[in-house]
Amino acid sequence: MTDVKILDIQSNIDSHIDWPSLMDKEVELTGMVQNIRLPKWGAFIILRLSNYNIQTVVENGKINIDPATIPVESTIRIKGTVRQSQIKDLAIFPRNAEIQVNHIDILSVPSLPALPLDTTKKDIEAGLDTKFTLRPLTLRHPKQRAIFKISATIFNEFGNFLTQNGFTRICSPKIVFSGAEGGANIFKLEYFDRNAYLAQSPQFYKQMMVGAFGRVFETGPVFRAEKHDTSRHLNEYVSMDIEMALQNGYEELIQVETNALKYIFDKVASDCANEVALLGIEMPVIDKIYTFRFNDIKQIIFDKYGKDYRGEKDLCPEEEALISQYVKETYNSDLVFITHYPTIKRPFYAMPDPANPDETLSFDCLFRGLEITTGGERLYKYDDYVTNMKKRGMNVDLFQSYLQTFQYGMPPHGGLGIGLERVTAQLCGLSNVKEASLFPRDINRLEP
RNA sequence: GAUGAUGUAGCGCAGCUGGUUAGCGCAUCGGCCUGUCAAGCCGGGGGUCGCGGGUUCAAGUCCCGUCUUCAUCGCCA
């Protein structure tokens, strides 16, 4: 007599299936009905499994139920035999195998008489608002799944690459005492009997951790209370952050980022080959790094396209598009780094260029016309922080828990942040970053 | 917040200078089709044209107000 139930630790939890080795063998699978096509003699049921859709074939009279009565999005368990096949549909994988079904159990069916939109076609015919409102349904579409499979791969391989290169993953708090940059664009919340904020960046914490590990990275959500309303902004997004001690200045950061992106894109190409094909993605080729100084590229854009932004202290969206166009046409590169941003546009921790304090040793990375990264060298001496913050009219006392880092001594260091949704959107050719977010948060949308 | 669009069936859309009973595709329902390729063929049902006023013999269509969504900009990743 005992109350304990003991489970076998050896049970197989891997859902990957080696189809060639199963040819002509009996299998049992549970999945959801992605689509069902009904010729007179039976049915092709496209079954959605954890990572792909497989084709199953049913012949009338040979199984226990009429396949025509199974609604799309039902969950079914099938028993059948793996057969050779030749399938043209890119949304189905594997395309050289199918399952000849001999038994079906229906585990659940949708409770609605009809689904609110059709997910069985090549594309979802719906506007952005409808897509997001019906997110639990729209995310079941193969092309939507492909976007987030690729996004997950970018996220994972960013971590893998950095881990392999001596970086330590950190998880900094998202509930913070004050906004990283001290701006007003942060979400306020109640923290017991006082106020706290949602972190707009892991900036302070990743710098603190450079003192401990030298090289750190973090992948996690950040929150921006800005009332921006554009196709490239979210109020909550996933930031992929790096911070590291530097031996060769900001160019070392550019090299680390480029190598990380190259590694990530190679992994996407190999591990997400089906998704890349389904979405028709042309993968970027990265073999050299192209950098331009902020002032120089403005001159080039003026000379080349006649657009004069030379007086502006930042890059506007049209300029970013033109710069990417120029670099693509001239060097066939999808990536470009713009360095030496004006000090006035950078935060207090940015390191001014010793040769010209009006410029910083910082950079942005543009990918196919959109800014995906900001990074740069940081101040690393306590006195420099105090001087610079006072010059900017900041209250040094409020930042003491952060500034202690520099009192204890810090190496020259720098870092960068990459927007996951932006990289995903640009890679997948999405016209709005919100489409690269599972459940986007913008000025109007808080659910689902 | 500014500017410009937008709102017609569950979804995506058409609907001309105002004029019969508001259409098309998908979905849905019924029937047909011997291997489909995000199927194909035939038929049925489904709409207070965002909301509120106004002009007119007559408004989806014109005017005013209001809300929604989308795009662009500011800011940023």
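Order of the sequence lines fixes the chain letters, A, B, ..., with proteins taken first and strands second; residue numbering starts at 1 for each chain. Keep in mind that this is a model prediction, so the values were computed, not measured.
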Taking ring-ring contact (aromatic ring centres under 6.0 Å, His included) as the test, write out the residues that go with His340(A), two or more places apart.
-> Tyr250(A)
Cationic tip of Arg37(A) above Phe44(A) ring, under 6.0 Å, 45° of axis | no
Is there aromatic stacking of Phe44(A) against rA39(B), centre distance under 5.5 Å, plane angle under 30°?
-> no
Arg95(A) (side chain) and rC37(B) (base): donor-acceptor pair under 3.5 Å | no
Polar side-chain contact Gln86(A)-rG35(B) base: donor and acceptor under 3.5 Å | no
Any-strand Watson-Crick or G-U partner of rG45(B), both distances under 3.5 Å = none
For Lys62(A), the side chain to side chain contact (heavy atoms under 4.5 Å, CB included) test, sequence neighbours excluded, returns Glu59(A)
Residue Arg224(A), side-chain heavy atoms: nucleotide from rU72(B), rA38(B), rC76(B) that is nearest | rC76(B)
Who is the Watson-Crick or G-U wobble partner of rG1(B), with both distances under 3.5 Å?
-> rC73(B)
Centroid separation Tyr331(A) to Tyr290(A) less than 6.0 Å | yes
Can you establish whether the number of heavy atoms outside Phe148(A) located under 6.0 Å from its atom CZ is more than 12?
-> yes
Taking RNA chain B as the partner, which of residues 371-380 of chain A come within under 4.0 angstrom of it by heavy atom?
-> Glu371(A), Ile372(A), Thr373(A), Thr374(A)
Test ring-ring contact (aromatic ring centres under 6.0 Å, His included) applied to Phe439(A) - qualifying residues, sequence neighbours left out | none
With a 4.0 Å heavy-atom cut-off, tell me which residues in residues 150-174 of chain A come close to RNA chain B, sorted by residue number.
-> none
Can you figure out which of rA38(B), rG35(B), rG12(B) approaches the side chain of Arg37(A) most closely?
-> rA38(B)
With sequence neighbours excluded, residues passing side chain to side chain contact (heavy atoms under 4.5 Å, CB included) with Thr120(A) | Asn35(A), Val72(A), Asp118(A)
Same-atom distance (C1') from rC49(B) to rG15(B), integer angstrom | 11 Å
Determine, step by step, whether Tyr402(A) and Tyr349(A) satisfy the ring-ring contact (aromatic ring centres under 6.0 Å, His included) criterion, reporting the C-alpha distance in whole Å, the side-chain angles of both residues, the deciding distance to 0.1 Å, and the verdict.
-> CA-CA 11 Å; Tyr402(A) 163 62; Tyr349(A) 49 77; 7.5 Å; no
Is His228(A) side chain donor-acceptor paired with the rC73(B) base, going by distance under 3.5 Å alone?
-> no
Please list all pairs passing the side chain to side chain donor-acceptor pair (under 3.5 Å) test where one or both residues lie in residues 413-432 of chain A, with sequence neighbours left out.
-> Gln207(A)-His413(A)
Taking only nitrogen or oxygen atoms into account, show me every contact under 3.5 Å that the protein makes with nucleotides 2-10 of chain B, one pair per line with its distance.
from    : atom 1 : to        : atom 2 : distance (Å)
rG10(B) : O2'    : Pro116(A) : O      : 2.7

In whole angstrom, give me the gap between the P atoms of rC67(B) and rU3(B).
-> 14 Å
Could you check Lys345(A), Glu371(A), Lys298(A) and say which one makes a side chain to side chain contact (heavy atoms under 4.5 Å, CB included) with Leu315(A)?
-> Lys298(A)
Within residues 141-148 of chain A, those residues having any heavy atom closer than 4.0 Å to RNA chain B are His141(A), Pro142(A)
Trp41(A) ring over rU34(B) six-membered base ring, under 5.5 Å and 30° = no
Under 3.5 Å, which N/O atoms of the protein pair with N/O atoms of nucleotides 43-45 of chain B?
none

Can you list the residues that meet the side-chain hydrogen bond (donor to acceptor under 3.5 Å, both in side chains) rule with Glu329(A), with sequence neighbours excluded?
-> Tyr305(A), Gln325(A)
Among rA77(B), rU28(B), rU69(B), the one nearest any side-chain atom of Leu234(A) is rA77(B)
5'-most contact on RNA chain B (nearest-nucleotide basis), Arg346(A) vs Ala91(A), goes to Ala91(A)
Taking only residues at least two apart or on different chains, which pairs with a member in residues 148-175 of chain A satisfy salt bridge (charged side-chain N to carboxylate O under 4.0 Å, His left out)?
-> Lys174(A)-Glu218(A)
Is a donor-acceptor pair below 3.5 Å formed from side chain Glu59(A) to base rU34(B), judging by atom type as modelled?
-> no
Could you tell me whether Arg392(A) sits above the aromatic face of Phe348(A), with NZ or CZ closer than 6.0 angstrom to the six-membered ring centre and within 45 degrees of the axis?
-> no
Could you work out the separation of rC64(B) and rU56(B) based on their C1' atoms and round it to a whole Å?
-> 16 Å
With rounding to whole Å, what would you report as the distance between rG52(B) and rA59(B) at their P atoms?
-> 15 Å
rG7(B) versus rU69(B) - spacing of their P atoms, nearest Å | 15 Å
Counter-base of rC11(B), judged by Watson-Crick or G-U geometry with both distances under 3.5 Å | rG25(B)
Taking the same atom, P, in rU66(B) and in rG1(B), what whole-Å distance lies between them?
-> 13 Å
